[in-house]
Protein chains: 2
Amino acid sequence: MTPTIRDVAERAGVSVATASRVLTGSRKVTPDLVTSVQEAARTLGYRHNAVARALRRGRSNTIGMVVPEIGNPFFPAIVEAVERRLQESGRDLFLCDAQQDVGIELSRVQALADRQVDGLIIIPVSAAASRDALERIPHQTPVVQVDRFVEEYAADWVGVDDELGIGLAVEHLASLGARNIAFVNAKLDSSSAVQRYTGFKRAMARLGLPDDTQQLFGTYRAEWGRAAAQELATGSVLPDAVVCGNDEIAVGVLREFRRRQIRVPEDVLVTGFDDIRFAALADPPLTTVRQPHEQLAAECIRLLDARMAEQDTPVQRIAIAPSLVVRESTGGQS
Amino acid sequence: MTPTIRDVAERAGVSVATASRVLTGSRKVTPDLVTSVQEAARTLGYRHNAVARALRRGRSNTIGMVVPEIGNPFFPAIVEAVERRLQESGRDLFLCDAQQDVGIELSRVQALADRQVDGLIIIPVSAAASRDALERIPHQTPVVQVDRFVEEYAADWVGVDDELGIGLAVEHLASLGARNIAFVNAKLDSSSAVQRYTGFKRAMARLGLPDDTQQLFGTYRAEWGRAAAQELATGSVLPDAVVCGNDEIAVGVLREFRRRQIRVPEDVLVTGFDDIRFAALADPPLTTVRQPHEQLAAECIRLLDARMAEQDTPVQRIAIAPSLVVRESTGGQS
DNA sequence: AAGCAAGGGGTAAACGTTTACCCATTCTAA
DNA sequence: TTAGAATGGGTAAACGTTTACCCCTTGCTT
């Protein structure tokens with residue numbers, strides 16, 4: 001069997017209390033005993049049982065995170081940044097995937113909460129349907145939402161200013177002379193889809209552009225981008241530009257236009273959102289709205305720690321301004 | 001405070017033992033009591049404390065998984081498939097990212113083992129340097145390696161037959177008349193990099209092709225692909241074809257060739273490995289070796305369950321034959 | 001020199017479950 | 001009818017820690 005702290009104490013000739021004190025450093029212990037306990041622990045290959053510790057302490061030194069779909073490359077990028085931050089404070093991150101399903105999301109959230117994670121970072125699947133999952137989280141567990149949020153649910157949030165981001169894209173296109181600007185997005189069930197849509201409409205209005213352009217709603221995936229591009233291409237007139245709700249959609253759009261020999265950026269301009277790894281590798285490289293991962297992650301951990309330190313402080317929503325990255329899909333430099 | 005089983009028992013007017021029996025179904029209980037316990041649990045909003053349960057039972061109904069780098073899209077694809085499988089048996093998956101660092105990998109493995117996961121699925125970072133991390137896993141914890149394995153370490157493995165896969169690519173290129181075939185791969189510190197390399201050399205020898213072609217080793221990332229392509233493009237003669245160690249490299253290669261106006265497939269053929277989501281979306285769409293995720297995941301869970309059921313059965317290595325997907329980067333159909 | 005504080009060790013309770021064991025009741029079979 | 005089995009409930013121990021509490025020793029202050 002794996003050795004317990006009792007074995008360590010026995011071998012070192014001390015009580016378990018002393019052994020625990022040495023191993024956790026929770027109280028001062030005579031140097032002699034310190035070394036003999038450490039020696040004993042080392043020779044036995046002792047590792048503390050994190051389950052027992054968590055039960056006793058009521059905390060686990062672990063943060064849980066749930067993302068909507070790990071296959072969507074934007075989310076791993078956020079996860080990596082969060083992980084790097086957590087590492088600085090020596091905490092572990094356990095990651096779960098909701099597979100775009102609020103039922104699975106609920107079970108993941110509960111699995112993590114049941115295991116006494118000290119905090120929960122969640123990118124909710126749906127602005128409305130994820131509320132149930134989040135409301136079932138025990139109230140003492142701090143929760144921070146990232147990127148997306150749930151409507152009418154009081155928890156901290158940090159994300160990018162989606163409205164502003166889409167606005168940057170639209171303005172850029174308008175400055176290049178585009179007037180008939182189509183919009184291809186995911187269905188409006190996540191908060192980011194909603195905000196990007198309102199961002200689009202407001203920017204169009206602000207710039208005095210016609211807002212009866214083609215606006216198509218599907219999923220945040222490349223297949224949808226292809227399907228949408230097909231619809232745009234077979235319509236009566238090709239738009240001057242296509243604003244996409246995320247980069248995956250945009251990559252699908254580019255692919256379909258290429259297949260149909262519609263040239264980007266000569267015949268039509270295309271923009272994405274997120275600046276995923278492959279945005280710069282697409283052909284042509286994609287003009288997109290960059291999400292500052294590191295900053296998002298830093299704010300996320302800051303919010304979480306603040307919430308852990310003080311439960312009853314007012315909820316915050318932090319929107320970070322994104323920036324536009326101009327590449328060849330709108331005629332920029334490579 | 002959140003209610004405990006004691007509260008449930010009290011409210012239902014039974015002992016905690018009975019409450020536990022009802023809630024876990026571990027023994028038959030009179031129907032009356034069953035309903036009153038369930039009623040009590042429901043009205044109190046009782047959720048069992050998974051930490052306490054795990055401590056008492058010594059099992060956690062949880063599988064841990066560690067991947068080398070979650071930002072590499074091949075790994076999330078495997079994770080998703082594994083997750084779907086585990087769901088069938090009602091187990092949870094906690095995922096950790098090693099960030100391509102064997103030190104972090106070690107700490108992740110230990111964090112999971114310390115929390116009494118029932119099994120560990122690991123894609124090791126390095127064929128040699130990851131051995132330390134794996135050897136420190138308590139011997140009662142079942143371990144299955146996926147995709148990559150650690151040399152001289154006795155644990156089950158399931159993956160694709162890398163040698164065979166690369167062989168398919170080389171044969172395909174040879175059948176198209178390519179003779180001067182370059183190879184762009186990651187450095188040989190992961191088992192897959194090694195196996196893909198030997199696969200390449202053997203295939204070249206088998207087909208009687210010159211094996212003094214350019215062979216470049218970097219990382220499994222697109223940036224490396226770009227750098228390597230630059231080197232190939234500026235060499236004295238452009239190879240007939242480039243076999244890449246994975247799709248990310250290949251995408252980088254395609255990008256750089258495009259930038260330099262080297263046409264694929266007219267001037268040079270390119271192949272990848274993995275068939276990630278973006279392989280079909282690259283321009284031109286990438287001919288690649290497809291990894292059967294679902295099958296890999298299924299075998300992985302099967303191995304894990306077998307190992308959990310019986311500790312001392314001989315170690316297995318299962319190599320699944322991959323298939324070639326021909327796309328335009330070697331002149332195939334879109 | 002006496003009293004008190006501080007330092008540091010041990011004992012045992014507690015965290016929330018599950019389950020071995022015991023016991024009372026009811027049922028079955030001879 | 002009665003011995004024995006079967007059914008089902010309760011009591012309490014156990015999982016491996018951490019830590020409140022107690023107590024002894026030492027050293028310092030007056």
Side-chain angles (χ1 to χ4, degrees), chain A residues 1-38 40-41 44-62 110-111 113-118 138 140-141, chain B residues 1-38 40-41 44-62 110-111 113-118 138 140-141:
Chain A
M1 268 307 294
T2 63
T4 72
I5 200 170
R6 167 159 277 104
D7 301 319
V8 173
E10 230 159 71
R11 186 172 232 275
V14 299
S15 71
V16 288
T18 303
S20 172
R21 283 168 189 145
V22 170
L23 267 14
T24 62
S26 61
R27 227 170 73 175
K28 205 158 175 257
V29 173
T30 327
D32 287 9
L33 298 185
V34 171
T35 54
S36 76
V37 167
Q38 286 174 338
L44 291 175
Y46 171 76
R47 295 228 91 218
H48 72 253
N49 181 321
V51 174
R53 172 177 285 183
L55 177 60
R56 171 62 221 226
R57 284 196 169 156
R59 295 176 303 105
S60 59
N61 205 38
T62 304
Q110 292 196 321
D114 288 348
R115 281 169 184 79
Q116 318 259 68
V117 292
D118 300 339
Q140 71 265 27
T141 309
Chain B
M1 271 304 295
T2 63
T4 72
I5 199 171
R6 168 159 277 105
D7 302 319
V8 173
E10 228 159 72
R11 186 171 231 277
V14 301
S15 71
V16 289
T18 303
S20 173
R21 284 170 188 141
V22 170
L23 266 16
T24 63
S26 61
R27 227 172 74 177
K28 203 153 176 264
V29 173
T30 328
D32 288 8
L33 298 186
V34 171
T35 54
S36 74
V37 167
Q38 286 174 337
L44 291 175
Y46 172 76
R47 294 228 90 218
H48 71 253
N49 180 322
V51 174
R53 173 177 284 183
L55 177 60
R56 169 63 221 227
R57 284 195 167 157
R59 295 176 302 104
S60 59
N61 204 37
T62 304
Q110 292 196 321
D114 288 347
R115 282 167 182 80
Q116 317 260 68
V117 292
D118 299 339
Q140 71 265 26
T141 309

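Computed from a predicted model, the values in this text were never measured in an experiment. A, B, ... follow the sequence lines: proteins, then strands. Residue 1 opens every chain.
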Participant: Between A:R6 and A:V16, what is the shortest heavy-atom contact and its length?
Facilitator: CA-CG1, 3.7 Å

Participant: What is the distance, to the nearest angstrom, from the CG atom on A:L23 to the P atom on D:dT17?
Facilitator: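 Distance, rounded to whole Å: 9 Å.
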
Participant: Can you check whether any acceptor in the base of D:dG10 is under 3.5 Å from a donor in the side chain of B:R21, or vice versa?
Facilitator: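 For B:R21, whose side chain was compared with the base of D:dG10, there is a donor-acceptor pair (under 3.5 Å).
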
Participant: Counting only side-chain nitrogens and oxygens, does B:R53 get under 4.0 Å of the OP1 or OP2 atom of C:dT18?
Facilitator: yes

Participant: Would you mind classifying the nucleic acid contact of A:V29 as base, sugar-phosphate or nothing, using non-hydrogen atoms under 4.0 angstrom?
Facilitator: sugar-phosphate

Participant: Quickly, which of A:T35, A:V34, A:V8 forms a side-chain contact (heavy atoms from CB on, under 4.5 Å) with A:V22? Name it, please.
Facilitator: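 It is A:V34, the one option of A:T35, A:V34, A:V8 that forms the side-chain contact (heavy atoms from CB on, under 4.5 Å) with A:V22.
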
Participant: Find the distance B:R59:CZ to D:dC15:C1' and express it as a whole number of Å.
Facilitator: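 Spelled out: CZ on B:R59 to C1' on D:dC15 is 13 Å.
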
Participant: What is the distance from CG of A:N49 to P of C:dC15, rounded to the nearest Å?
Facilitator: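 Atom-to-atom, A:N49 to C:dC15, this comes out as 18 Å.
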
Participant: Select from B:R27 and B:Y46 the residue whose nearest nucleotide in DNA chain C is closer to the 5' end of that strand.
Facilitator: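 Nearest-nucleotide comparison on DNA chain C picks B:Y46.
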
Participant: Mind checking what makes side-chain contact (heavy atoms from CB on, under 4.5 Å) contact with B:A19, not counting sequence neighbours?
Facilitator: B:I5, B:A9, B:V14, B:V37

Participant: What is the distance from CZ of B:R57 to P of C:dA20, rounded to the nearest Å?
Facilitator: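 Roughly 11 Å, once rounded to whole Å.
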
Participant: Distance check needed: D:dT17 P versus A:N61 CG, whole Å only.
Facilitator: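 Distance check: A:N61 CG to D:dT17 P gives 16 Å.
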
Participant: Pick the nucleotide of DNA chain D nearest each of B:V16 and B:Q116; which residue has the one closer to the 5' end?
Facilitator: B:V16

Participant: Any side-chain donor paired with an acceptor under 3.5 Å for B:T62 and A:R115?
Facilitator: yes

Participant: Just N and O in the side chain of B:S20: are any of them under 4.0 Å from OP1 or OP2 of C:dT18?
Facilitator: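 Affirmative; the distance criterion is met.
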
Participant: For C:dG7, does OP1 or OP2 lie under 4.0 Å from any side-chain N or O of A:K28?
Facilitator: no

Participant: Does A:R56 get its side chain close enough to the base of D:dT18, under 3.5 Å, for a donor-acceptor pair?
Facilitator: yes

Participant: Nearest of C:dT17, D:dG16, D:dT18 to any side-chain atom of A:T24?
Facilitator: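 Taking heavy atoms from C-beta onward, the closest nucleotide is D:dT18.
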
Participant: Roughly, in whole Å, what's the span from CD1 in A:I5 to C1' in D:dC15?
Facilitator: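 It works out to 14 Å between those atoms.
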
Participant: From CZ of B:R6 over to C1' of C:dA14, roughly how many Å is that when rounded to an integer?
Facilitator: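 The answer, rounded to whole Å, is 11 Å.
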
Participant: Hey, does the side chain of B:S15 come within less than 4.0 Å of D:dT11's phosphate (OP1/OP2), counting only N and O?
Facilitator: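 False: B:S15 side-chain N/O out of range (4.0 Å or more) of D:dT11 OP1/OP2.
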
Participant: Return the minimal non-hydrogen interatomic distance between A:T4 and A:Y46, and the atom names on each side.
Facilitator: C-CE1, 3.5 Å

Participant: Could you tell me how far apart B:D32 (CG) and D:dT7 (C1') are, to the nearest whole angstrom?
Facilitator: 15 Å

Participant: Base, sugar-phosphate, or nothing: which does B:V14 touch, judged by heavy atoms less than 4.0 Å apart?
Facilitator: sugar-phosphate

